[in-house]
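Read through the structure below, which is laid out as structure tokens, and then see the notes.
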Amino acid sequence: MKQSFYLAIKYLMFYKFRTMVLTLSIGLILFLPLGLERLISESQSQMLARSDATPLLIGAKGSSTDLVINTLYFEKNKIEFIHLGLLDTLNNMDLGYAIPILSAFKARGFPIVGTDLDYFSFRNLSIASGRNLQLVGECVIGSEVAEQLDLSVGEHLVSSPENFIDLAGVYPLKMHIVGVLNPSNSPDDYAVFTDLKTNWIIMGLGHGHQDLQALNDPSLILKKDSAQITASAKVFMYNEINTKNMDDFHFHGRMSDYPISSVLFVPKDVKSGIILRGRFESKELKEQIVVPTVVVENLLQTIFRIKKIFDMVFVLIGIATFIIVFLIVILTLKLRKDELFTMFTIGSSKYKTVEIVGFELIITLFLSSSIALVFYGLTGFYIETFIRNFII
Amino acid sequence: MKNRIWGILMVFVLFSCAEPVEKKKERIDEKLKVITVNYPLYYFAERIGGEWIDLKFVIPTNVDPAFWNPDEESLKQYQAADVIFTNGADYAQWMKNVSLASSRIVNTARSFEKQLIKLNTKTAHSHGPDGEHEHQDRAFTVWLDLKLALKQAESIRFHLSKRIPDQSDGIDQNFEELKKDLLSLDSQWLKGFHKYHNQIIIGSHPVYQYLARAYDLNMESVHFEPDEFPSVSQWSELDDLIKKHGSSIMLWEKQPSPKIEKEMNDRKMKIVVFDPCGNKPPSGDFLSVMQENTEAIVGR
């Protein structure tokens with residue numbers, strides 16, 4: 001037995017390249033269905049965990065999937081805005097509390113999420129260093145943002161301009177990083193959190209500029225009378241909010257008309273949630289309300305249909321691989337005809353030959369399984385990327 | 001011996017009955033944390049919520065809460081509160097620059113938004129692609145119209161009852177008592193101010209808009225500080241008003257300095273101290289300050 005094992009090892013080591021190719025091929029064939037299964041099942045559990053933890057979402061009428069993806073993952077889809085006034089209406093219904101979300105801008109590739117302090121307590125997000133948001137112009141960054149951009153408390157992050165050609169339009173805002181969140185293994189790790197008002201300043205709905213009453217440069221003032229001052233676009237706009245210029249920042253129009261992407265609603269109890277949904281269904285409120293879990297489950301069902309096709313492909317590939325391995329063994333035995341004859345001549349039994357070839361197969365399969373397991377382990381690190389690139 | 005045993009037993013019973021300090025602290029922590037942006041709202045919340053709320057007032061006594069800016073520590077108290085009662089009418093502009101949980105902010109002026117007084121100080125300006133926009137302020141001392149103050153108190157009652165349903169009966173009872181006090185004061189003011197209907201009163205500051213509207217007063221305002229001697233142009237502005245309206249009464253938020261008082265006497269202007277009581281008074285409370293205001297009106 002020991003000798004057969006020794007001879008099998010020696011044989012495999014002698015044909016290193018062939019052993020490597022065979023081991024890797026079988027390893028990959030074993031890994032692919034397992035890996036995909038893991039990616040999908042873990043993505044499913046992660047996505048459902050996020051959606052299960054979000055009782056109700058309210059947003060503009062349109063695609064419910066876009067609404068959920070935008071609010072839960074702060075991803076891609078720019079959905080139609082709703083008005084902040086809805087938040088007040090919802091909070092005054094005595095059915096629970098509402099958390100606003102405004103996710104429309106990015107800073108160095110990471111989404112800027114405008115919200116309020118309830119969001120942090122609702123998602124159980126804790127501060128690893130620094131403090132939570134206090135003033136406009138500040139931001140708190142997720143752990144992955146901090147790591148990938150190598151940023152820490154006290155540094156700055158500039159919002160990405162939406163349109164480089166529109167020089168007189170939306171100005172990039174230099175935000176002060178006041179806190180870094182602890183990792184939560186969720187999309188919150190990849191987000192830059194600000195107060196809603198900071199987002200509105202990025203949008204250009206609020207801004208800070210030189211005091212128009214005190215301007216001395218006549219080229220900055222186009223028209224001035226007791227009731228109206230018309231300044232030129234040359235007037236200096238602040239691109240950063242600090243304690244010195246904070247009072248110069250102002251918002252135009254009624255705050256209740258200001259845009260938000262969606263509202264995350266936390267009902268007091270199940271009954272309150274149903275009552276609220278009823279009010280949307282009865283058209284008392286014109287926006288749409290969705291249960292994120294239902295939307296995510298629908299989305300995952302589509303993915304599962306694709307997964308079934310993959311499963312069939314893998315079964316076919318598995319059968320093909322098995323036939324190829326079988327063929328390789330047969331051909332190998334043919335090639336080793338002289339070698340096996342020598343073994344018989346020096347007194348080796350037929351059983352011994354089977355034992356040596358069997359060990360060779362077992363070792364190859366063991367190595368292939370090990371490779372498959374290593375790949376399977378590594379898959380865990382790519383679940384977030386998989387969700388972002390293939391599901392959302 | 002028997003007495004000693006009884007003594008030991010008594011001490012044991014007393015100790016077992018006493019609430020541990022930590023537990024007591026925990027009980028206080030469990031109370032609804034309430035904070036307000038000015039003193040009148042604090043007073044209403046204190047009267048209505050009583051012992052069932054953990055009420056905080058973090059505004060220093062030497063500032064006007066309308067123009068105060070909280071420091072980091074004060075802001076933390078606002079962020080930690082379960083309910084923040086605000087005055088509405090753009091009062092406490094600092095709230096526009098800070099992060100707070102919107103579900104915890106209660107605008108006590110929400111029910112009478114349309115009754116708020118717009119000030120004639122708007123300046124429209126335009127620049128860039130936004131086009132013309134204007135910033136118009138609203139008068140904010142709403143509580144000087146005691147019927148509006150009552151509506152603010154009603155809002156506090158409603159939100160406290162909602163959040164502490166177990167104590168809603170007590171909260172309602174406290175509110176009724178406050179309501180009685182405010183309405184009694186209101187009728188005193190209606191009577192007290194009646195005698196000024198045929199003259200124009202000058203306010204040392206433009207803070208009496210709601211008072212004037214509610215109690216049918218004709219008022220003009222200047223910008224005098226009680227402890228800061230006015231400039232020549234300010235005196236001349238006052239002289240013009242006196243000449244134009246034949247006014248003989250001026251309402252002050254605080255007793256002006258003797259130097260100002262002398263100048264006022266020279267102009268035969270009577271000083272009536274009518275404290276809006278936006279901040280915590282050094283002594284007494286909102287009601288006692290308003291009673292003093294009443295005496296100042298009636299006593300003339």
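No experiment lies behind these values; they were computed from the predicted model shown. Atom set for the values below is all heavy atoms of this structure, side chains included, hydrogens, waters and symmetry mates excluded. Per chain, numbering begins at 1; letters A, B, ... match sequence-line order.
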(request) Start with the C-alpha distance between B/H159 and A/N92, add both sets of side-chain angles, then the distance that settles side chain to side chain contact (heavy atoms under 4.5 Å, CB included), and finish with yes or no. (result) CA-CA 10 Å; B/H159 286 279; A/N92 280 298; 4.1 Å; yes
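Contact count versus chain A (heavy atoms, under 4.5 Å) is highest, among B/L75, B/L100, B/N97, B/V98, for B/N97.
Residue A/D94 holds its CG atom at 4.5 Å from NZ of B/K162, rounded to the nearest 0.5 Å. A distance of 8.0 Å separates CG of B/N107 from CG of A/D88, quoted to the nearest 0.5 Å. Interatomic distance, OG of B/S103 versus CG of A/L117, reported as 9.5 Å (0.5 Å rounding). Atoms CD1 and CG, on B/I105 and A/D116 in that order, are 8.0 Å from each other to the nearest 0.5 Å. Atoms CZ and NZ, from A/R131 and B/K76 in turn, are 8.0 Å apart once rounded to the nearest 0.5 Å.
Results of the side-chain contact (heavy atoms from CB on, under 4.5 Å) test with B/S99 over A/V140, A/L133, A/L135, A/L196 single out A/L133 as the only residue that passes.
A/K197 and B/K96 get closest at one heavy-atom pair: CD-O, 2.9 Å.
The part of A/S121 that comes within reach of chain B is its side chain, from C-beta onward, which places non-hydrogen atoms under 4.5 angstrom from that chain. Using a 4.5 Å cut-off between heavy atoms, B/E72 contacts chain A through both its backbone and its side chain.
Summarising the local packing, CZ of A/R277 is surrounded by 12 or fewer heavy atoms from other residues, nucleotides or ligands at distances under 6.0 Å.
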